[in-house]
Amino acid sequence: MKVFVGYLIVGLLRLIGRIPFPVAQRLGVGLGRLLLRFRNRSREVARVNLQLVYPQLTETDRQALLREVLEESGKAGAEMGTMWGGSPDKGRQLIRKVHNPEILTTALQSGRGVLLCVPHHGNWEVLNHLMTLHTPLTAMYRPAKNPVLDRWMRSSREQTGIGLVPTTRGGVMALFRGLEAGGVVAILPDQEPKLQSGVFAPFMGVETLTPKLPHDLLRKTGAVAIFAFAERLPDARGFEVHFLQPDDAIYSDDARTSASAMNEAIERCVAVCPAQYQWTYKRFKTRPDNGVNPYKGL
């Protein structure tokens, strides 16, 4: 059954990859509106997250933002057909503008390894298409639970020229080696780690279990950190890629100080287009001092 479901999902994404991009996005908007209408995990998780990070908003304003979040999430899902099912050239043609490209250029010319931090914001798959035009890139990825879908996702991503390593000890060691050799490594800095692999640091005003891996990579390899995300433009016009430079505190020897600077940089990314952050993810599940999981029962 799992294999059948995998082939069904792959077939659907291939089909979406063949239809015009505006049509795919309209399908995504329709999916988002369905998520808003009926009780489901994505809607309820996003609702909890928005209450935690935007307590100053009125209930009416939060509901309006929730609607946007779910529509943007639907678009992100539909866009996977283009990003994975289409050619790399098709994905690159959707990039309309690059903001602060000098941040990338300076980092690449520094003679040091480059740690590219790509939050779950906008469409992070777009970064694969852009970065491999400029430099070889190694990225850590979490294999999908469905083996058929996982094989297809991996092969599709590798068509852009990216090298992938899994979230295993061997994959982590490959990241260290890549940075020590002066290469470019990409990570997703906003996934909740295991308790022993993280440190609590503020994110959007909430103490958040934050991965220590970026801090370890920077401290032990002397790499330079930059942030990037791809903002989705309205009316299916494509994407604008933004590069940001974090505060120098990200290079601190203290893990919490470094993690706080990393989260602050992610906050600056989110501020550009708040509805495009992945608020449907249980980012605040583990609480300090064994606090209550805010998603309990969802």
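Residues passing the ring pair (Phe, Tyr, Trp, His ring centres under 6.0 Å) test with Trp124 are His120, sequence neighbours excluded. Shown here are the ring pair (Phe, Tyr, Trp, His ring centres under 6.0 Å) partners of His134, two or more places apart in sequence or in another chain: there are none.
Counting only heavy atoms from C-beta outward, the side chains of Cys273 and His121 approach each other to under 4.5 Å. Residues Thr160 and Glu158 are not in side-chain contact: their nearest non-hydrogen atoms beyond the backbone lie 4.5 Å or more apart. A heavy-atom distance below 4.5 Å is found between the side chains of Leu36 and Leu66. Pro119 places none of its side-chain heavy atoms less than 4.5 Å from the side chain of Leu188. Leu213 has its side chain out of reach of Pro193: every pair of non-hydrogen atoms, C-beta onward, lies at least 4.5 Å apart. Residues Phe200 and Asp289 have side chains not in contact (no heavy-atom distance under 4.5 Å, counting atoms from C-beta outward).
For Val126 against Met83, the heavy-atom pair with the smallest separation is CG2-SD, 4.0 Å. Contact detail for Ala236 and Pro22: the closest heavy-atom pair is CB-CA, 3.6 Å. The heavy-atom pair separating Asp247 from Ala261 by the smallest distance is O-CB, 4.3 Å. A pairwise comparison of heavy atoms in Pro246 and Ala225 identifies CD-O, 3.3 Å as the closest pair. The two residues Ala201 and Ser260 make their nearest non-hydrogen contact at CB-OG, 3.6 Å. Minimum interatomic distance between Ile266 and Pro189 (heavy atoms only, all atoms of both residues): CD1-CG, 3.9 Å.
Cluster annotation: Val53 is connected to Met262 through the hydrophobic network of ILVMFWY side chains, with a link wherever side-chain heavy atoms come within less than 4.5 Å. Linking Ile, Leu, Val, Met, Phe, Trp and Tyr residues whenever their side-chain heavy atoms come within less than 4.5 Å leaves Phe229 and Tyr281 in two separate clusters. Tracing side-chain contacts under 4.5 Å through hydrophobic residues (I, L, V, M, F, W, Y), one reaches Phe243 starting from Leu115; they form part of the same cluster. A continuous path of ILVMFWY side-chain contacts below 4.5 Å connects Leu218 to Leu137, so both sit in one hydrophobic cluster. Transitive grouping of hydrophobic side chains (ILVMFWY, heavy atoms separated by less than 4.5 Å) keeps Leu70 and Val29 in distinct clusters.
Under the 4.0 Å criterion applied to side-chain N and carboxylate O atoms, Lys282 and Glu192 are not assigned as salt-bridge partners. Of the charged side-chain nitrogens involved, none lies within less than 4.0 Å of a carboxylate oxygen, so that Glu71 and Lys75 do not count as a salt-bridged pair. The residues Arg287 and Glu207 are annotated as not salt-bridged, no charged nitrogen and carboxylate oxygen being separated by less than 4.0 angstrom. Between Arg232 and Glu240, no side-chain nitrogen of the basic residue sits less than 4.0 Å from a carboxylate oxygen of the acidic one, so the salt-bridge criterion is not met.
Using a 3.5 Å distance cut-off with no hydrogens or angles, the side chains of Asn49 and Tyr277 do not pair a donor with an acceptor. Inspection of the Tyr295 and Arg41 side chains reveals no N or O donor paired with an N or O acceptor under 3.5 Å. Under the 3.5 Å distance criterion, with hydrogens and angles disregarded, no donor-acceptor pair is assigned to the side chains of Ser156 and Arg14. No side-chain donor-acceptor contact under 3.5 Å links Asn263 and Thr208. Judged by distance alone, the side chains of Gln276 and Glu231 never bring a donor and an acceptor atom under 3.5 Å apart. Looking at Arg283 and Gln191, their side chains never bring a donor and an acceptor atom within 3.5 Å of each other.
A parallel orientation is assigned to the rings of Phe203 and Trp279, their planes being inclined by less than 30° (bins at 30° and 60°).
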Could you please spell out the steps behind the side-chain contact (heavy atoms from CB on, under 4.5 Å) verdict for Val69 and Ser73? CA-CA 6 Å; Val69 165; Ser73 294; 4.3 Å; yes

Intermediate values then yes/no, salt bridge (Lys or Arg N to Asp or Glu O under 4.0 Å), Arg62 and Glu59: CA-CA 5 Å; Arg62 256 200 310 269; Glu59 186 58 35; 3.3 Å; yes

Between Tyr141 and Thr167, is the side-chain contact (heavy atoms from CB on, under 4.5 Å) condition met? List the steps. CA-CA 6 Å; Tyr141 87 108; Thr167 51; over 6 Å; no

Would Arg157 and Glu125 satisfy salt bridge (Lys or Arg N to Asp or Glu O under 4.0 Å), going step by step from the backbone distance to the final call? CA-CA 8 Å; Arg157 283 169 166 163; Glu125 298 289 339; 2.6 Å; yes

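His129 NE2 to Ile162 CD1: the interatomic distance, rounded to the nearest 0.5 Å, is 10.0 Å. Taking CG from Leu175 and CG from Asp216, the interatomic distance works out to 11.5 Å, rounded to the nearest 0.5 Å.
Of the possible polar contacts, one joining the Arg112 side chain to the Gly222 backbone as a donor-acceptor pair under 3.5 Å is found. Panel note: side chain Ser110, backbone Ala107; a donor-acceptor pair is recorded below 3.5 Å.
Considering Thr168, Leu149, Asp150 as possible partners of Pro143, the one that fulfils the side-chain contact (heavy atoms from CB on, under 4.5 Å) test is Asp150.
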